[in-house]
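A short worksheet on the structure shown next.
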Amino acid sequence: MSDAAKTRSYPFAEIEPKWQKFWEEEQIFKSTEDPAKPKYYILDMFPYPSGNGLHVGHPEGYTASDILARYRRMKGYNVLHPIGFDAFGLPAETYALQTGTHPRITTEKNIRNFTRQLKMFGFSYDWSRVVNTTDPEYYRWTQWIFLQLYKQGLVYEAETPVWWCEDLKSVLANEEVVNGRSERGDYPVKRIMLKQWMLKITAYADRLLEGLDKLDWPESIKEMQRNWIGRSEGAKICFALDEHNDRFIEVFTTRSDTLFGATYMVLAPEHPLVKRITVPERRKAVDEYCEKAALKSDLDRTELSKEKTGVFTGAYALNPVNGKKIPVWIADYVLISYGTGAIMAVPGHDQRDWEFAKAFGLEIIPVLEGGNIRESAFEGDGLHINSAFLDGLSKDDAIRKMNTWLKDQGCGERTINYKLRDWLFSRQRYWGEPIPLYKDADGNVYAINEEKLPLLLPEVDKFEPAGAGQSPLANIRDWVEFKGKDGKTYYRETHTMPQWAGSNWYYLRYMSPDYDKALVYSAAERYWGQVDFYIGGAEHAVLHLLYARFWHKVLYDLGVVSHDEPFQKLLNQGLILGTDGEKMSKSRGNVVNPDEVIKEYGADSLRMYEMFMGPIDRAKPWSTEGLGGIHRFLNRIWRIYVDENEEINPQICNKLDNTLEISFHKMVKTVTEHIEQVRFNTAISQMMIFINDCYKAEFLYRPHMLDFIKILSVFAPHIGEELWQRMGSKDVLSYSAWPLYDPEKAKDEMIEYPVQINGKVRFKINISSEAVETDIREALKDHEKYAFYTEGKQILKCIVIPRKIITLVLK
RNA sequence: GCAGCCGUGGCGGAAUUGGCAGACGCACCAGACUUAGGAUCUGGCGCCUUCGGGUGUGGGAGUUCGACUCUCCCCGGCUGUACCA
């Protein structure tokens with residue numbers, strides 16, 4: 001016998017499908033633009049339809065957004081609450097490689113399963129607006145946006161060091177590499193040089209940074225984006241090379257004031273100057289070092305981090321401030337991907353340079369007072385020494401003076417550097433959007449005419465990549481090659497777009513999913529505007545959320561959208577952990593399957609339990625007993641309304657119980673406020689308190705009991721609809737008005753004041769809640785225990801905080 | 001290392017313009033109903049206690065009539081990031 005059967009449950013297994021069918025057939029949640037109503041756009045991060053189906057983590061965010069959507073509808077808002085599928089991506093392609101099943105087949109099957117599961121939860125999505133990123137009518141517009149970027153000069157092809165993942169047979173973006181391994185699949189990656197399409201996200205670096213300030217997002221996510229963009233003010237400085245009049249080494253530094261202390265220079269092993277300036281007698285050592293560095297994965301480099309290695313090139317640079325000859329080394333602690341890939345080393349005032357200088361016996365010159373350079377580099381502030389025209393200045397003044405001097409001398413200037421790199425946009429995969437560009441035999445690039453979009457993904461027989469750095473599309477010669485009207489042969493781009501492309505703008509497509517003249521119908525865009533509330537996982541902090549902001553700003557500049565930021569408010573739901581407090585995973589065997597939970601306890605129990613577990617944004621362990629507690633609560637609600645004979649409880653009548661009235665108004669007040677603050681766990685607590693009070697009351701006032709159903713229905717919509725119907729209500733529950741409360745009736749008539757004497761609560765005193773301070777003091781003096789505690793003592797202080805506490809200080 | 005978040009009963013968690021610590025739920029204990037209880041209802045439930053009370057929100061100090069809440073130092077955990085010049 002199942003747990004549910006044992007507990008004589010209310011008939012969730014019958015009523016849940018019944019109401020899901022009702023919502024679908026009556027199109028209850030279909031939304032249309034209505035200028036008469038204020039709009040509210042509440043969005044979930046759409047799922048990747050994996051073969052595993054939904055896990056219990058998905059409904060956490062989806063239930064939270066559903067509660068907010070249902071609440072806003074009852075508050076009179078016109079709510080846009082859509083769902084869709086981010087369906088391009090690697091798992092379907094990997095599965096195709098293993099089984100030969102076309103990714104489209106797998107994807108369609110998984111979407112059907114996800115749809116079935118999502119509908120079982122009773123989420124109030126507008127199912128007429130579903131989008132699917134793999135639908136040609138959808139990716140037509142993904143390609144269109146790409147072409148706009150191309151026309152704006154934000155797309156370029158470059159031979160750059162890229163992350164290559166041998167297991168995934170593809171290059172990856174910086175953002176997709178975590179700790180030297182692929183974000184998807186956790187495979188090793190290495191750096192190779194490859195010609196790739198890049199998007200110039202760096203052109204938007206400042207705007208992406210500044211835009212964060214006005215967003216209502218978790219501070220941690222904003223901080224992560226700020227760190228990722230990594231804006232850093234400094235100067236670039238040109239060092240002439242001794243015996244190479246035509247070549248310079250350009251460096252970026254935040255400490256131009258320490259230039260007099262620069263005693264050597266370091267190039268990254270991949271730096272293009274390395275080959276040109278290395279002197280013949282050092283060539284062998286340099287080549288060996290560069291080869292070794294290239295073989296090291298990034299992981300190796302960081303694991304070995306503390307040991308500084310490097311070799312001397314034999315070349316010398318000239319310090320622009322004093323013409324001093326300083327040696328040029330190469331070392332892998334200088335990264336080709338940051339700044340100019342070269343540094344001026346100031347071992348006196350930079351710990352990394354200090355360690356390197358110590359290891360190789362290089363000169364260390366202090367140029368600031370303070371610290372002890374025999375022990376370590378001094379990175380703090382101080383007065384300059386050994387620095388000619390900077391002597392006696394502090395750090396900030398010296399930086400300013402030096403930058404001016406560099407500019408005057410024409411060998412440097414103030415500049416801003418970013419950690420953010422341009423976005424590597426090519427993928428060597430089949431299951432993605434084809435890049436709508438082609439080339440002629442000479443390598444000239446052309447964009448496909450927008451009228452001809454979508455550029456369809458061609459059919460293939462095999463999904464294996466066509467050799468290193470080539471996508472499976474390169475195998476299809478009659479797709480790649482085509483004859484133009486001029487009779488010349490042209491060659492299509494065979495790489496595809498990364499998965500982020502489709503998810504970059506899906507929230508706009510929901511506004512007019514069937515519109516075929518533009519990616520979004522402009523009147524719909526103006527009506528729905530920004531996403532008011534966006535809910536999803538924190539793992540997208542710097543991937544999806546940064547890329548989407550970038551594209552959105554481009555679209556804003558093009559006049560396609562009317563706001564320059566896409567998501568006004570963001571909430572990250574916390575992870576749901578296994579019962580053991582660990583992250584759920586198949587290997588740990590602690591995965592909870594939502595299908596089984598729904599079968600045993602019903603979707604309403606699961607929804608409500610996940611909201612009751614704790615604060616929405618915190619990680620929380622699953623508890624089957626806790627789920628049972630919520631299920632019991634729903635049973636208790638059911639029995640308050642429906643008696644053993646399936647009749648409405650005769651206690652529900654038009655008589656008003658005074659105590660219960662206060663409880664009701666308190667409940668409406670608290671639940672309303674806590675929904676606004678997205679604190680569902682405490683909102684549910686207050687509903688429990690009200691139901692507990694109902695069990696103690698003799699009469700249940702019918703209008704209040706109807707209002708409670710409305711409130712319940714945003715959390716547990718199926719039981720809400722069923723009770724609403726059984727109570728004989730004819731209105732559509734989902735659009736009935738949210739209950740109002742009377743603030744005066746939400747207060748207790750009497751307040752039990754704690755009387756605190758010298759920091760300890762000694763007794764309590766009941767006083768009317770209307771009482772003002774003088775009344776309270778009087779009541780206190782009349783209290784029997786007052787004399788006992790104050791006798792023979794001097795009253796130093798008597799503090800009365802109305803409605804809170806009375807404090808006495810005695811001596 | 002750096003940044004952000006967090007530390008409250010046996011467990012999940014309440015309480016923040018500073019005002020009764022432990023709401024609500026789970027687990028547990030007792031009672032009622034019962035052939036039975038893993039259903040339901042009622043009550044209890046931080047720790048210590050000589051039953052007066054004492055003590056208690058990771059540890060220590062401070063501000064205050066009053067600190068889970070504010071300030072400083074330390075310890076522990078989670079997440080992100082990592083030679084970023």
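Letters A, B, ... are given to chains in the order of the sequence lines, protein chains preceding strands, and every chain is numbered from 1.
- With C1' as the reference atom, B/rG10 and B/rU17 are 35 Å apart, rounded to whole Å.
- Taking syn as a glycosidic angle within 90° of 0, B/rG60 does not qualify and is anti.
- Across the P atoms, B/rG9 and B/rC68 are found 14 Å apart, a figure rounded to whole Å.
- A salt bridge does not link A/Asp580 with A/Arg588: every distance from a Lys NZ or Arg NE/NH1/NH2 to an Asp or Glu carboxylate oxygen is 4.0 Å or more.
- Note on A/Lys760: only backbone sugar-phosphate atoms sit closer than 4.0 angstrom, heavy atoms only; bases stay farther off.
- Using a 4.0 Å heavy-atom cutoff across all strands shown, A/Ala619 reaches sugar-phosphate atoms only and no base atom.
- Of the P atoms belonging to B/rU55 and B/rC2, the separation is 39 Å, rounded to the nearest Å.
- Between the P atoms of B/rC48 and B/rC11, the separation comes to 15 Å (whole Å).
- A donor-acceptor contact closer than 3.5 angstrom links the side chains of A/Asn403 and A/Ser256.
- Rounded to a whole Å, the NE2 atom of A/His631 is 11 Å from the C1' atom of B/rA39.
- With C1' as the reference atom, B/rG46 and B/rA61 are 26 Å apart, rounded to whole Å.
- Listed by first residue number, the stems of RNA chain B with at least three Watson-Crick or G-U pairs below 3.5 Å are B:1-7 with B:75-81, B:10-12 with B:24-26, B:28-32 with B:40-44, B:46-48 with B:53-55, B:58-62 with B:70-74.
- Rounded to whole angstrom, the span from the CZ atom of A/Phe680 across to the P atom of B/rG13 amounts to 17 Å.
- Distance CG (A/Asn227) to C1' (B/rG80): 9 Å, rounded to an integer number of Å.
- Using a 4.0 Å heavy-atom distance criterion, A/Pro615 is classed as a sugar-phosphate-only contact.
- Under the salt bridge (charged side-chain N to carboxylate O under 4.0 Å, His left out) criterion, A/Asp396 pairs with no residue, sequence neighbours left out.
- Every residue two or more places apart in sequence or in another chain that forms a salt bridge (charged side-chain N to carboxylate O under 4.0 Å, His left out) with A/Arg414 is listed here: A/Glu233.
- Rounded to whole Å, atom C1' of B/rA82 lies 11 Å from atom CH2 of A/Trp228.
- Every side-chain contact (heavy atoms from CB on, under 4.5 Å) that A/Lys747 has, sequence neighbours left out, goes to A/Glu744, A/Arg803.
- Residue A/Arg231 is out of contact with every strand shown, counting any heavy-atom pair closer than 4.0 Å.
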Using atom names, set out every protein N or O paired with an N or O of nucleotides 60-64 of chain B below 3.5 Å, distance rounded to 0.1 Å.
none

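- The distance between atom CE of A/Met613 and atom P of B/rG13, rounded to the nearest whole Å, is 8 Å.
- Using a 4.0 Å cut-off, no side-chain N or O of A/Arg679 falls inside it from OP1 or OP2 of B/rG13.
- For A/His783, the ring pair (Phe, Tyr, Trp, His ring centres under 6.0 Å) partners two or more places apart in sequence, or in a different chain, are A/Phe763.
- Taking atom C1' on both nucleotides, B/rU34 is separated from B/rC41 by 13 Å, rounded to a whole Å.
- Rounded to a whole Å, the CD atom of A/Glu219 is 9 Å from the P atom of B/rG4.
- With sequence neighbours excluded, the residues forming a side-chain contact (heavy atoms from CB on, under 4.5 Å) with A/Asp748 are A/Ile662, A/Lys666, listed by chain and number.
- Mapping A/His674 and A/Asn758 onto RNA chain B by nearest heavy atom places A/His674 closer to the 5' end of the strand.
- With B/rU81, B/rG13, B/rG80 as the candidates, the nucleotide lying closest to the side chain of A/Met224 is B/rG80.
- Shown here, B/rG9 is classed syn by the O4'-C1'-N9-C4 or O4'-C1'-N1-C2 angle, which is within 90° of 0.
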Annotated protein contacts, base or backbone, on nucleotides 18-34 of chain B with a non-hydrogen cut-off under 4.0 Å, one of B, S, - each: -BB--BBSSS-------
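- When only modelled atom types and interatomic distance are considered, A/His349 and A/Thr258 share no side-chain donor-acceptor pair under 3.5 Å.
- Here A/Glu413 pairs with nothing under the side-chain hydrogen bond (donor to acceptor under 3.5 Å, both in side chains) rule; sequence neighbours left out.
- With A/Phe252 as the aromatic partner, A/Lys236 does not meet the cation-pi criteria of under 6.0 angstrom to the ring centre and within 45 degrees of the ring axis.
- Residue A/Ile237 contributes atom CD1, which lies 11 Å from atom C1' of B/rA85 at whole-angstrom precision.
- Taking A/Arg255 as the reference, A/Asp257 meet the salt bridge (charged side-chain N to carboxylate O under 4.0 Å, His left out) condition, with sequence neighbours excluded.
- In this structure, the salt bridge (charged side-chain N to carboxylate O under 4.0 Å, His left out) partners of A/Glu223, at least two apart in sequence or on a different chain, are A/Arg226.
- Sequence neighbours left out, the pairs with a member in residues 614-631 of chain A that pass salt bridge (Lys or Arg N to Asp or Glu O under 4.0 Å) are A/Glu60-A/Lys620.
- Nucleotides B/rU63 and B/rC72, compared at atom P, are 15 Å apart to the nearest Å.
- As a whole-Å value, the separation of A/His271 NE2 from B/rA85 P is 17 Å.
- Nucleotides B/rG19 and B/rC33 are separated by 44 Å at their C1' atoms, to the nearest Å.
- Taking the centre of each ring, A/His631 and A/Phe12 come in below the 6.0 Å mark.
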